[in-house]
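I have placed the structure first, in the form of structure tokens, so that the comments after it can refer back to it.
We use all heavy atoms of the structure for the numbers below, so side chains are in, but hydrogens, waters and symmetry mates are not.
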Amino acid sequence: MDKSEAQGVSTLRADIEAAKSYTVSTGRKLANPNPLGFGAFATTLMTLSLSNMGFRGVSNQTLFIADLCLLAGIGLLISAQWEMVRGGTFGYTVLAAFGLYYAGYGVLLMPSMGIANAYGGQSTEYYNAFGFYLLVWSILNFFFFLASLATNVPNIIIYSALELSYIFNCAAHFTIADGNTDMGSTLTKVSGAFGFVSALAGFYMLCHDLCQDALPFNLPLCETESFFRRRKAGRED
């Protein structure tokens, strides 16, 4: 390879590296996808929590399939894609995960799917299987909770309360499977209470992201990222 060819190859490599790092600017500001995400999450979770707490005697959650599959399932997935465009790894991960979770939960409630019938009705095996489903989701949500520690206080409340909701709901299903229906009902109500708290924190985030400019006062988020940044800097030193 002569000198001119070597220079040509070097120039081509430099152009490729420059293209990799080049960001196209459209001159437009992307909309914040979080209000839709928090609104869909909080609305769906609150209806489920009210049912778990036994408000107005509602225990059959079939009606909530509309929220689960459409508002939460589709709405959260749409928000997740825009969060990915904005470069938010945490936001994209949790929005996509819960969008699919709620859509899947809605499918489980569809009578036409025959999920309960596959277990011979709401049998011991059915409640144990549902308990496993919730248990594994509590493990996944625990990682979301850990990641939220470096965001802000409302986010921490969302995922910590949700974690407790999963744990108590899981315990409720295992307890009912063991034949202790009364204790299972109590644990379900406790689960609903923690879910209600998580939903309230979600509505707070919705209000902050969507309504802050229209309010005569500020809604603080109490950011915690700086604390973890200081700890990381200290370790590097």
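For the residue pair Asn34 and Asn32, a side-chain donor N or O sits within less than 3.5 Å of a side-chain acceptor on the partner. Judged purely by distance below 3.5 Å, without hydrogens or angles, the side chains of Asn152 and Glu225 never pair a donor atom with an acceptor atom.
Residue Ile156 holds its CD1 atom at 9.5 Å from SG of Cys222, rounded to the nearest 0.5 Å. Atom OH in Tyr119 sits 9.0 Å away from atom OH in Tyr126 (nearest 0.5 Å). Rounding to the nearest 0.5 angstrom, the gap separating the OG1 atom in Thr151 from the CZ atom in Phe90 is 5.5 Å. One distance of note links CD1 of Ile139 with CD of Glu163; it measures 9.0 Å at 0.5 Å rounding. Atom OG of residue Ser123 and atom CD1 of residue Ile176 lie 12.5 Å apart, to the nearest 0.5 angstrom. With values rounded to the nearest 0.5 angstrom, Leu68 atom CG is found 6.0 Å from Leu109 atom CG.
Pairing each heavy atom of Leu95 with each of Gly37, the nearest pair is CD2-CA, 3.8 Å. Summarising the geometry of Tyr92 relative to Met84, their closest heavy-atom pair is CD1-CB, 3.5 Å, with the distance given to 0.1 Å. Of all heavy-atom pairs spanning Phe38 and Gly202, the tightest one is CB-O, 3.6 Å. Annotation for Pro220 and Tyr204: closest pair O-OH, 2.6 Å, computed over non-hydrogen atoms. Closest of all the heavy-atom pairs between Phe217 and Leu219 is CE1-CD2, 3.8 Å. Considering every non-hydrogen atom in both Gly39 and Leu206, the closest pair reads CA-CD2, 4.0 Å.
Here the side chain of Thr186 pairs a donor or acceptor atom with the backbone of Asp182 at under 3.5 angstrom. A donor-acceptor contact shorter than 3.5 Å is absent between the side chain of Asp178 and the backbone of Asn180.
Under the ring pair (Phe, Tyr, Trp, His ring centres under 6.0 Å) criterion, Phe143 pairs with no residue, sequence neighbours left out. Remark: Phe203 engages no residue in a ring pair (Phe, Tyr, Trp, His ring centres under 6.0 Å) (not counting sequence neighbours).
Residues His173 and Leu134 are in side-chain contact: their nearest non-hydrogen atoms beyond the backbone lie under 4.5 Å apart. Counting heavy atoms from C-beta on, the side chains of Leu221 and Val153 never come closer than 4.5 Å. Proximity of Tyr102 to Phe41: side-chain heavy atoms (C-beta onward) are separated by under 4.5 Å at one or more points. For the pair Gln61 and Asn52, the minimum side-chain heavy-atom distance is below 4.5 Å. Looking at Leu162 and Leu45, their side chains come closer than 4.5 Å, going by heavy atoms from C-beta outward. Taking 4.5 Å as the limit, some side-chain heavy atom of Pro111 sits within range of a side-chain heavy atom of Thr62. In this structure the side chain of Phe228 reaches within 4.5 angstrom of the side chain of Leu149, judged on heavy atoms.
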Would you please test Leu50 and Val58 for side chain to side chain contact (heavy atoms under 4.5 Å, CB included) and show each step?
CA-CA 8 Å; Leu50 290 172; Val58 176; over 6 Å; no
Between Leu215 and Cys207, is the side chain to side chain contact (heavy atoms under 4.5 Å, CB included) condition met? List the steps.
CA-CA 9 Å; Leu215 297 175; Cys207 187; 3.9 Å; yes
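Annotation: Leu108, atom CG; neighbour count of heavy atoms from other residues, nucleotides and ligands within 6.0 Å is above 12. Residue Met183 qualifies as open at atom CE: its count of foreign heavy atoms under 6.0 Å is 12 or below. By the neighbour-count criterion of 12 heavy atoms within 6.0 Å, atom OH of Tyr101 is densely surrounded, having more than that number from other residues, nucleotides or ligands. Open room surrounds CH2 on Trp82; 12 or fewer heavy atoms of other groups in view lie less than 6.0 Å from it.
Screening Leu140, Leu135, Asn141 against Ser138 for a side chain to side chain contact (heavy atoms under 4.5 Å, CB included) leaves a single residue, Leu135. None of Tyr133, Phe132, Phe168, Phe130 except one satisfies the ring-ring contact (aromatic ring centres under 6.0 Å, His included) rule with Phe174; the exception is Phe132.
Tracing side-chain contacts under 4.5 Å through hydrophobic residues (I, L, V, M, F, W, Y), one reaches Phe227 starting from Phe145; they form part of the same cluster. Hydrophobic cluster membership is shared by Leu200 and Phe144, with clusters built from Ile, Leu, Val, Met, Phe, Trp and Tyr side chains linked at under 4.5 angstrom. By the rule that hydrophobic residues join a cluster once side-chain heavy atoms approach within less than 4.5 Å of another member, Val136 and Leu146 end up as members of separate clusters. In this structure, Leu100 is not a member of the same hydrophobic cluster as Val94, with clusters built from ILVMFWY side-chain heavy atoms closer than 4.5 Å. Cluster membership for Ile65 and Leu77, using ILVMFWY side-chain heavy atoms within less than 4.5 angstrom, is not shared.
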Enumerate donor-acceptor pairs with a distance under 3.5 Å from any side-chain N or O in residues 187-198 to protein atoms, sequence neighbours excluded.
unit_1, atom_1, unit_2, atom_2, d
Thr188, OG1, Gly184, O, 2.8
Ser191, OG, Ser165, O, 2.8
Ser191, OG, Ser165, OG, 3.2
Ser198, OG, Ile158, O, 2.8

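The aromatic rings of Phe98 and Tyr166 sit parallel, their planes meeting at an angle under 30°, below the 60° perpendicular limit.
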